[in-house]
Amino acid sequence: MINLAELGRVFIVCGKTDMRRGIDLFAYIVKKSFNLDLFSGCVFLFCGSRRDRFKALYWDGQGFWLLYKRFENGKLAWPSNEDEVRELSDEQVMRLM
């Protein structure tokens, strides 16, 4: 299992995101909508309308990783305010994983 908390600070991008998109759109959202540093070693999480899967964008110093997780049972309780990014605590990240 990948422990996102070991990679760095973890942020969730609130609201629905088109999960068909890839690295370039997710990077654009983080930079233009929230003015956050993509190259800071932080992990940015995105969720779609189904709320049973999420994608994580991470810069490892050489390139971007786009990780994808789908839950077989249950759904995520994802904040709906699309103008917000929230940092997760280590405990919240562990519950998510």
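When a residue number appears, it is its place in the shown sequence, counting from 1. Scope of the values below: all heavy atoms of this structure, side chains included, with no hydrogens, waters or symmetry mates.
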Chemist: Heavy atoms, side chains only, cut-off 4.5 Å: are L36 and F44 in contact?
Modeler: yes
Chemist: Can you tell me how far the NZ atom of K16 sits from the OG atom of S80, to the nearest 0.5 Å?
Modeler: 9.0 Å
Chemist: Roughly how far apart are K75 NZ and C47 SG, rounded to 0.5 Å?
Modeler: 9.0 Å
Chemist: In terms of hydrophobic clustering (I, L, V, M, F, W, Y; side-chain heavy atoms under 4.5 Å; direct or indirect links), are F64 and V10 co-clustered?
Modeler: no
Chemist: Is any side-chain heavy atom of F11 closer than 4.5 Å to one of R86?
Modeler: no
Chemist: Rounded to the nearest 0.5 Å, how far apart are CZ of R20 and CG of L25?
Modeler: 10.5 Å
Chemist: Go through it in stages, so that I can follow the logic: the residues are V43 and W65, the test is side chain to side chain contact (heavy atoms under 4.5 Å, CB included), and I'd like the CA-CA distance, side-chain angles, deciding distance and then a yes or no.
Modeler: CA-CA 10 Å; V43 179; W65 285 82; over 6 Å; no
Chemist: For W59 versus L38, what's the shortest heavy-atom pair and its separation?
Modeler: CB-O, 3.4 Å
Chemist: Using the rule that two of Ile, Leu, Val, Met, Phe, Trp, Tyr join whenever any of their side-chain heavy atoms come within less than 4.5 Å, decide whether I23 and V85 are in one cluster.
Modeler: yes
Chemist: Check the pair L66 / K55 against side chain to side chain contact (heavy atoms under 4.5 Å, CB included), numbers first and verdict last.
Modeler: CA-CA 7 Å; L66 187 60; K55 288 185 178 179; 4.1 Å; yes
Chemist: Quick one, V13 and F34 - any side-chain contact, counting heavy atoms below 4.5 Å?
Modeler: yes
Chemist: Quick check on the hydrophobic clustering: are V93 and L67 connected, directly or via other members, by side-chain heavy-atom contacts under 4.5 Å?
Modeler: yes
Chemist: Check whether the ring centres of F26 and Y58 lie less than 6.0 Å apart, and answer yes or no.
Modeler: no
Chemist: Please check this pair: side chain of E84 against backbone of N81, looking for a donor-acceptor N/O pair closer than 3.5 Å.
Modeler: no
Chemist: How far does CZ of R50 sit from CG of L76, to the nearest 0.5 angstrom?
Modeler: 12.0 Å
Chemist: Applying side chain to side chain contact (heavy atoms under 4.5 Å, CB included) to W78 and L45, what does each step give before you reach the verdict?
Modeler: CA-CA 10 Å; W78 204 265; L45 305 179; 3.8 Å; yes
Chemist: Does any non-hydrogen side-chain atom of F46 lie less than 4.5 Å from one of L57?
Modeler: yes
Chemist: Is there a donor-acceptor pair closer than 3.5 Å between any side-chain N or O of K31 and the backbone N or O of D37?
Modeler: no
Chemist: If we only count heavy atoms from C-beta on, is the P79 to I12 side-chain gap below 4.5 Å?
Modeler: yes
Chemist: More than 12 heavy atoms of other residues, nucleotides or ligands under 6.0 Å from CZ of R70: yes or no?
Modeler: no
